[in-house]
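Data block below; observations after.
Start at 1 and go down the list; that is how both ligands and their atoms are numbered. The chain is numbered in sequence order, starting from 1.
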Amino acid sequence: MKFRCAGLTPESIVDGPGLRFTVWTQGCLHHCKGCHNPQTWDMDAGIESDTDEVFEQIIQNPLLDGVTLSGGDPFYQAKPMAELAKKIHSYEGGRLNVIAFTGFGYEELIAQANADNGYMELLRQCDYLIDGRFILEQRSLELKFRGSRNQRFIDVKRSLKEGRAVALTDEELSLM
Ligand code: SF4
C-alpha cells in the first residue's frame, strides 16, 4: 500500500528498546511548539513509498528487535501503517515488535476511531504507543524514549484488554 514517507532509519537505538528500523511518516497536523521534525508537517511533502518495499528492507536485517513508526504522525496514515505492522508481526512468528509514536492521546484515538481513519486497525497492530503532543514546557531529557512529561509509554495490548490506557512505569521502562 502506498504512503507518504519522510525517511527511513535502518538502524536506530534511540526510538525504542533494542535495535530498531524506524519509518518516518510524512504529515502531522499537531504542530507542537518546539517540534524537532517540522519538515514532516506538510502532508504532501516527502516521497511516495510502498509498505511492501519497506517491509522487504526491514527483513534484510536479522539483528533487528523491532520497528518504530514515527513522523510526522503515523496515525494520519493509519491504514498503510497497519498493513505494514501486520506483515511485521506475521514475520518469523512475531519476533519483531512494533512501536508507534503519535501526537494523539490514546483516549483521543479510541474516541475518534472509525471505519475510515484506520485508528483501531493500527492500534491493534502496535505493541507499544508513545502518545501525546510534545509540550515544550514539560520537556525533559531524563525521560526514556519520550520528549515531554505528559507523554506515556503505553502497553497497547493490555490497554485494549483492560479498556484504559496502561502506561509503563519509569522502573519498567528502565528495564527495557
Ligand atoms: S506530534 Fe510529533 S511530529 Fe507532530 S508536531 Fe508534535 S512533536 Fe512534531
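Residue contacts with ligand 1, taken as heavy atom pairs separated by less than 4.0 Å, involve Cys28 solely via side-chain atoms from C-beta onward. If you look at Phe101 next to ligand 1, there are no close heavy atoms at all, none under 4.0 Å.
With hydrogens and angles left out, the side-chain atoms of Thr25 and Gln77 include no donor and acceptor closer than 3.5 Å. Inspection of the Glu11 and Asn61 side chains reveals an N or O donor paired with an N or O acceptor under 3.5 Å. Asp131 and Thr102 are not linked by any side-chain donor-acceptor pair at a separation below 3.5 angstrom, with hydrogens and angles left out of the test.
Below 30°, between 30° and 60°, or above 60°: for Tyr119 and Phe104 the angle between ring planes is between 30° and 60°, a tilted geometry. Taking the six-membered ring for Trp and thresholds of 30 and 60 degrees, His30 and Tyr76 have ring planes inclined between 30 and 60 degrees apart.
Of the protein's non-hydrogen atoms, Gly72 O, 4.4 Å is the one closest to atom 2 (Fe) of ligand 1. Counting only heavy atoms of the protein, atom 6 (Fe) of ligand 1 lies nearest to Cys32 SG, 2.3 Å. Distance from atom 8 (Fe) of ligand 1 to its nearest protein heavy atom, with residue and atom name: Cys35 SG, 2.3 Å.
Between the side chain of Gln151 and the backbone N or O of Gly132, at least one donor-acceptor pair lies under 3.5 Å.
Residue-ligand proximity, Phe134 to ligand 1, at heavy-atom distances under 4.0 Å covers atoms 7 (S).
Within the structure, ligand 1 has His31 among the residues with a heavy atom less than 4.0 angstrom away.
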